[in-house]
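Counting begins at 1 with the first residue of the sequence. Excluded from the calculations below are hydrogen atoms, water molecules and symmetry mates; all remaining heavy atoms, backbone and side chain alike, are included.
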Amino acid sequence: MAIESVGDIMARQLLTLAQDASLKDAHDLMREKSIRHIPVVNKDSGQLLGVLTQKRMIATVMSLLADYGVSALERRERQIRVMDIIDSDFESVDAKAPLTEVVPFFLSNKHGCLTVVDDEGRLQGMVTSSDFVRLCAELLKERAGS
């Protein structure tokens with residue numbers, strides 16, 4: 001099987017949060033599952049609303065720590081909705097998009113993920129820079145074997 005499109009390498013089983021989740025929910029999920037990007041979806045329609053990045057989450061937590069201290073962190077995290085801190089200005093792509101078209105996105109924008117949505121904007125998957133590294137490793141392994 002030839003690997004040519006985003007759908008060939010994207011992760012399909014994603015951990016997501018609904019629009020009513022708190023920063024505490026996101027912080028716990030990132031820490032427990034060791035993930036760096038959490039898509040936020042409309043819990044009724046499945047439509048992608050934005051992406052919470054680890055970088056944005058850490059910046060928010062650090063700001064809360066500086067303003068309120070460690071003792072108030074958990075309470076403050078519960079008060080902040082992920083919708084208030086997600087990146088809602090993000091790029092998405094169709095699963096059929098050729099990999100050659102998305103490589104420049106990763107190289108020029110230095111983003112760690114690209115969401116994959118259908119025609120109605122529903123989340124279908126995500127492709128990350130790590131997915132490209134895994135693909136590179138597979139291709140190098142194949143090349144060494146031939």
Side-chain angles (χ1 to χ4, degrees), residues 1-67 70 73-74 76-78 80-146:
M1 179 175 100
I3 298 173
E4 298 174 353
S5 70
V6 169
D8 295 332
I9 68 167
M10 74 180 189
R12 296 173 189 276
Q13 302 297 320
L14 301 177
L15 298 170
T16 63
L17 288 173
Q19 70 268 25
D20 57 354
S22 70
L23 173 60
K24 175 74 172 135
D25 298 327
H27 194 169
D28 290 346
L29 184 60
M30 282 186 180
R31 184 175 45 241
E32 291 168 12
K33 301 297 183 181
S34 298
I35 57 176
R36 296 180 296 148
H37 309 95
I38 302 175
V40 178
V41 297
N42 179 300
K43 61 184 172 185
D44 297 321
S45 69
Q47 186 170 20
L48 179 64
L49 302 172
V51 177
L52 179 61
T53 64
Q54 184 180 46
K55 182 178 179 179
R56 176 73 62 95
M57 191 270 306
I58 289 172
T60 305
V61 168
M62 296 304 290
S63 177
L64 291 173
L65 283 170
D67 291 345
V70 174
L73 179 61
E74 187 173 326
R76 292 292 179 170
E77 281 185 320
R78 290 186 192 284
I80 296 175
R81 300 285 121 211
V82 291
M83 287 301 295
D84 296 331
I85 59 172
I86 61 170
D87 290 324
S88 54
D89 182 25
F90 56 90
E91 299 274 337
S92 290
V93 68
D94 183 271
K96 295 179 189 109
L99 288 172
T100 55
E101 287 183 13
V102 298
V103 168
F105 170 84
F106 285 98
L107 293 176
S108 63
N109 295 314
K110 308 269 193 256
H111 291 292
C113 74
L114 184 60
T115 53
V116 182
V117 297
D118 65 14
D119 292 339
E120 285 81 41
R122 290 184 303 248
L123 184 65
Q124 301 296 298
M126 182 181 295
V127 63
T128 67
S129 54
S130 295
D131 295 322
F132 275 97
V133 172
R134 274 190 290 283
L135 174 60
C136 182
E138 287 177 35
L139 294 173
L140 289 171
K141 188 176 176 180
E142 283 179 21
R143 184 176 177 190
S146 56

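Under 4.0 Å is where a charged nitrogen must lie from a carboxylate oxygen, and between Asp84 and Arg81 no such pair does.
For the pair Lys43/Gln19, a side-chain contact is recorded, criterion being any heavy-atom separation below 4.5 Å from C-beta on. In this structure, Gln54 and Arg56 have side chains that are not in contact, with every pair of non-hydrogen atoms separated by 4.5 Å or more. A heavy-atom distance below 4.5 Å is not found between the side chains of Thr115 and Val93. Within the 4.5 Å cutoff, side-chain heavy atoms of Val61 are placed close to those of Leu23. Within the 4.5 Å cutoff, the side chain of His27 has no heavy atoms near those of the Ser22 side chain. Between Ser92 and Leu48 there is a side-chain heavy-atom pair separated by less than 4.5 Å. Side-chain contact between Asp94 and Asp118: absent, with no pair of heavy atoms (C-beta onward) separated by less than 4.5 Å.
Heavy-atom minimum distance, Ala95 versus Val116: N-CG1, 3.5 Å. Listed here is the closest heavy atom pair of Val82 and Ala18: CG2-O, 3.9 Å. Here the closest heavy-atom approach between residue Cys113 and residue Val51 is recorded as SG-CG1, 4.2 Å. The minimum heavy-atom distance linking Gly125 with Leu123 is given by the pair O-CD1, 3.4 Å. Here the closest heavy-atom approach between residue Gly50 and residue Ile86 is recorded as CA-CD1, 3.6 Å.
By the salt bridge (Lys or Arg N to Asp or Glu O under 4.0 Å) test, Arg134 pairs with Asp131, sequence neighbours left out. Residues that satisfy the salt bridge (Lys or Arg N to Asp or Glu O under 4.0 Å) test with Arg76, not counting sequence neighbours, are absent from this structure. For Glu120, the salt bridge (Lys or Arg N to Asp or Glu O under 4.0 Å) partners are Arg122, not counting sequence neighbours. Contacts of Thr53 classified as side chain to side chain donor-acceptor pair (under 3.5 Å), with partners at least two apart in sequence or in another chain: none. Checked against salt bridge (Lys or Arg N to Asp or Glu O under 4.0 Å), Glu74 has the following partners two or more places apart in sequence or in another chain: Arg78.
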Can you list, pair by pair, the side-chain donor-acceptor contacts under 3.5 Å of residues 96-106, counting residues two or more places apart and other chains?
none

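Thr16 places no side-chain N or O within donor-acceptor distance of the main-chain N or O of Ile38, the cut-off being under 3.5 Å. With hydrogens and angles disregarded, no donor-acceptor distance shorter than 3.5 Å links the side chain of Ser63 to the backbone of Ala59. No donor-acceptor pair under 3.5 Å is formed between the side chain of Asp87 and the backbone N or O of Phe90.
To the nearest 0.5 Å, the span separating CG on Asp25 from CG on Asp20 amounts to 8.5 Å. To the nearest 0.5 Å, atoms CD1 (Ile3) and CG (Leu139) are separated by 6.0 Å. Atoms CG and CG, from Leu73 and Leu65 in turn, are 4.5 Å apart once rounded to the nearest 0.5 Å. How far CZ of Arg36 is from CD1 of Ile58: 10.5 Å, rounded to the nearest 0.5 Å. Rounded to the nearest 0.5 angstrom, Ser129 OG and Leu114 CG are separated by 11.0 Å. From Thr60, atom OG1 reaches atom CE of Met62 across 11.5 Å, with rounding to the nearest 0.5 Å.
When each of Lys33, His37, Glu32, Met30 is paired with Leu15, the side-chain contact (heavy atoms from CB on, under 4.5 Å) condition holds for Lys33 and for no other.
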